[in-house]
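Inspection log for the structure reproduced underneath, given as structure tokens.
Just so you know, these numbers use all the heavy atoms, side chains as well, and skip hydrogens, waters and symmetry mates. Below, read A as the first sequence line, B as the second, and so on, with proteins coming before strands; counting in each chain starts at 1.
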Number of protein chains: 2
Amino acid sequence: MSQPQSKRQKTDAQYELLYHPTIPGRGEFIRLAFQATGTQYSDVANEDHSKYKLVQDTCSPESTGDKDGNPPPFAPPALRVHGAGKDGKSLLLSQTPNILLYLGPKLGLAGSADYEIYHVNQLALTALDLANETHDTHHPIAVMKYYEDQKDAAMTRAADFRENRIPKFFSYFERNLKSNEGSGQGKYLVGSKLTYADTTLWQVLDGLFFAYPKEMQARAKEYPLLFDTFYPSLKAEKWLKEYLDSGKRLQFSNGLFRNYPELDRQ
Amino acid sequence: MSQPQSKRQKTDAQYELLYHPTIPGRGEFIRLAFQATGTQYSDVANEDHSKYKLVQDTCSPESTGDKDGNPPPFAPPALRVHGAGKDGKSLLLSQTPNILLYLGPKLGLAGSADYEIYHVNQLALTALDLANETHDTHHPIAVMKYYEDQKDAAMTRAADFRENRIPKFFSYFERNLKSNEGSGQGKYLVGSKLTYADTTLWQVLDGLFFAYPKEMQARAKEYPLLFDTFYPSLKAEKWLKEYLDSGKRLQFSNGLFRNYPELDRQ
């Protein structure tokens with residue numbers, strides 16, 4: 001799945017991603033940062049489903065922290081970084097944008113100038129907000145209840161999402177690509193090379209193509225930098241093409257992004 | 001409102017907060033970081049309501065960036081930092097947690113050890129998620145529609161929020177205080193001194209006391225570190241007491257936190 005960078009064995013990776021198995025979900029934003037940079041990492045519960053218990057224990061609603069002195073996470077994904085915490089013990093991080101923020105400079109995905117990491121971060125945060133709002137279209141009332149039990153509210157919320165929120169978000173990303181066109185040529189949001197803002201936004205757009213195919217087809221022509229340049233050129237980058245072709249990338253199904261045709265443009 | 005730290009005049013502050021006037025909203029999380037550290041800043045639209053146009057222009061849905069080469073924000077709040085951007089020009093930042101992340105180390109609100117900023121950040125992100133979920137209880141369907149037009153959905157969502165989400169979030173913060181009790185004595189979430197995780201969580205709890213007074217009264221006894229120690233001890237800190245007593249703090253009304261008695265515990 002990734003190229004080894006050190007002598008560590010796969011079972012002894014520096015980076016351990018702790019997330020639910022089988023679904024892309026929020027874990028995929030972190031996987032993409034590793035994939036884009038050929039960084040070795042252990043995807044604990046996917047490599048061995050029996051290890052899902054480790055994820056559950058780490059993120060347990062009873063946890064008051066781990067043996068290395070780390071505070072408890074709110075929810076998966078979490079990332080354990082061996083040797084990076086207190087007194088050389090492990091560092092445990094949670095919250096998707098926080099994990100990306102930590103990895104960004106270490107993996108060379110946070111821009112060049114010092115201040116660029118904040119522009120990368122604000123774009124990634126906004127892309128993740130869009131992912132959350134996409135989730136809320138199929139679960140507007142209660143995350144733990146079935147879609148079928150909140151379908152009426154979902155229909156109304158999805159209509160608002162398509163008519164008002166999608167244009168607001170897409171306009172923002174289009175204008176950011178425009179703002180950076182001199183350096184990024186429409187291919188990169190910040191500066192002249194790939195950052196975790198790009199990988200994160202790409203995954204959200206790809207999820208939206210799965211969840212709202214008709215809406216996306218209709219909207220694509222309104223945002224030419226986003227859909228004629230950014231999305232396809234990133235998809236064609238060698239590392240992403242190989243990852244998508246490898247069959248190792250987890251498929252969208254019943255998670256953050258869901259395809260309910262009745263929520264899509266009719 | 002704040003103590004000057006330099007020879008700059010108030011109208012020439014290094015930090016310019018660009019946010020809607022009259023409401024606390026998401027701007028208040030940033031104001032609290034300045035207040036806690038006696039840092040001079042300009043609250044542009046509140047100091048002079050006629051300057052709200054500057055906020056609107058900066059965050060315009062047509063903007064492709066400013067004259068200093070900064071990318072456009074998604075929405076207020078934004079922060080302009082004079083002299084901190086490209087070639088000594090201004091740096092413009094957006095996204096509340098991103099602005100706090102930038103200010104944290106500069107104002108001494110990001111912990112001590114290098115890795116602590118990531119623990120501070122993950123806690124602040126989760127507190128801001130709780131603020132967003134509070135907002136969504138009164139606007140579960142569409143942010144731009146009236147509450148009255150989504151009241152039925154709001155009633156159902158608020159019930160789920162009170163019964164499931166509030167305990168999940170409060171348990172998380174209680175366990176973080178427990179995890180850090182040796183250093184923070186229940187007063188601080190990370191380490192032994194104030195961070196922006198504390199100021200951010202405090203403001204969210206205070207907003208919840210305004211929005212859901214009955215629910216909060218019932219819940220308070222379940223989370224002793226959070227409500228017997230953290231919330232009151234921070235409220236009693238000299239800087240916060242003075243700020244609250246000054247009358248300069250903007251009051252909750254019809255923003256992120258709203259008091260609709262029918263959504264509260266009955």
Review point. Would you say B:Val44 and B:Leu17 make side-chain contact, with heavy atoms under 4.5 Å?
Key: no

Practice item. State, with a plain yes or no, whether a side-chain heavy atom of B:Ile30 is found less than 4.5 Å away from one of B:Phe34. Key: yes

Review point. Do any N or O atoms from the side chain of B:Asp264 and from the backbone of B:Glu215 form a donor-acceptor pair under 3.5 angstrom?
Key: yes

Check your understanding: Looking only at atom types and distance, does a side-chain atom of B:Tyr19 sit under 3.5 Å from a main-chain N or O of B:Arg26, one as donor and one as acceptor?
Key -> yes

Which distance, rounded to the nearest 0.5 Å, do you find between the [atom1] of [X] and the [atom2] of [Y]?
| X | Y | atom1 | atom2 | value |
| --- | --- | --- | --- | --- |
| B:Asn98 | B:Leu79 | CG | CG | 10.0 Å |
| A:Leu107 | A:Leu103 | CG | CG | 5.0 Å |
| B:Arg31 | B:Glu28 | CZ | CD | 5.0 Å |
| B:Thr64 | A:Asn176 | OG1 | CG | 9.5 Å |
| A:Gln95 | A:Leu100 | CD | CG | 11.0 Å |
| B:Lys89 | B:Lys67 | NZ | NZ | 8.0 Å |

Given heavy-atom pairs under 4.5 angstrom as the criterion, report whether the side chain, backbone, both or neither of [X] touches chain A.
| X | answer |
| --- | --- |
| B:Ile99 | neither |
| B:Leu91 | side chain |
| B:Asn70 | both |
| B:Glu174 | neither |
| B:Thr96 | neither |

Atom of [X], atom of [Y] and distance for their closest heavy-atom approach:
| X | Y | result |
| --- | --- | --- |
| A:Ala75 | A:Cys59 | C-SG, 4.1 Å |
| B:Thr126 | B:Gln122 | OG1-O, 2.7 Å |
| B:Pro97 | B:Asn121 | O-OD1, 4.3 Å |
| B:Ala78 | B:Pro73 | CB-CG, 4.3 Å |
| B:Ala142 | B:His139 | O-CD2, 3.3 Å |

Check your understanding: For the candidates B:Met144, B:Lys145, B:His119, which exhibits the highest count of non-hydrogen atom pairs separated by less than 4.5 Å from chain A?
Key ->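 Top option by heavy-atom pairs under 4.5 Å: B:His119.
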
Check your understanding: Which one, B:Gly65, B:Pro61, B:Pro72, B:Gly69, leads in non-hydrogen pairs under 4.5 Å with chain A?
Key ->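 Counting heavy-atom pairs under 4.5 Å, the top option is B:Pro72.
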
If contact means a heavy atom pair closer than 4.5 Å, which residues of [range] contact chain A?
| range | result |
| --- | --- |
| residues 146-153 of chain B | B:Ala153 |
| residues 181-203 of chain B | none |
| residues 154-173 of chain B | B:Thr156, B:Arg157, B:Asp160, B:Arg165, B:Lys168, B:Phe169, B:Ser171, B:Tyr172 |

Point to revise | NZ or CZ of B:Lys221 within 45° of B:Tyr223 ring axis and under 6.0 Å | key: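 Geometry flag: not set, cation outside 6.0 Å or 45°.
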
Review point. Can you check salt bridge (charged side-chain N to carboxylate O under 4.0 Å, His left out) on A:Asp66 and A:Arg80, steps first, answer last?
Key: CA-CA 11 Å; A:Asp66 67 10; A:Arg80 194 175 290 284; 2.8 Å; yes

Point to revise | Region of A:Leu92 in contact with chain B, defined by heavy-atom distances below 4.5 Å | key: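 Contact with chain B involves the backbone of A:Leu92 alone.
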
Review point. Going by atom types alone, do A:Tyr260 and A:Thr137 pair a side-chain donor with an acceptor below 3.5 Å?
Key: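 Side-chain D/A pair, A:Tyr260 to A:Thr137: absent.
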
Point to revise | Short side-chain donor-acceptor distance under 3.5 Å, A:Arg175 and A:Asn180 | key: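 Not at all, the side chains of A:Asn180 and A:Arg175 share no donor-acceptor pair under 3.5 Å.
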
Exercise for review: With chain B as the partner chain, list the residues of residues 109-116 of chain A whose heavy atoms fall under 4.5 Å from it, by residue number, and write 'none' if nothing qualifies.
Suggested key: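 Residues of residues 109-116 of chain A touching chain B at under 4.5 Å: A:Tyr115.
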
Exercise for review: Check step by step if side chain to side chain contact (heavy atoms under 4.5 Å, CB included) holds for A:Val143 and A:His135.
Suggested key: CA-CA 9 Å; A:Val143 64; A:His135 167 272; 3.8 Å; yes

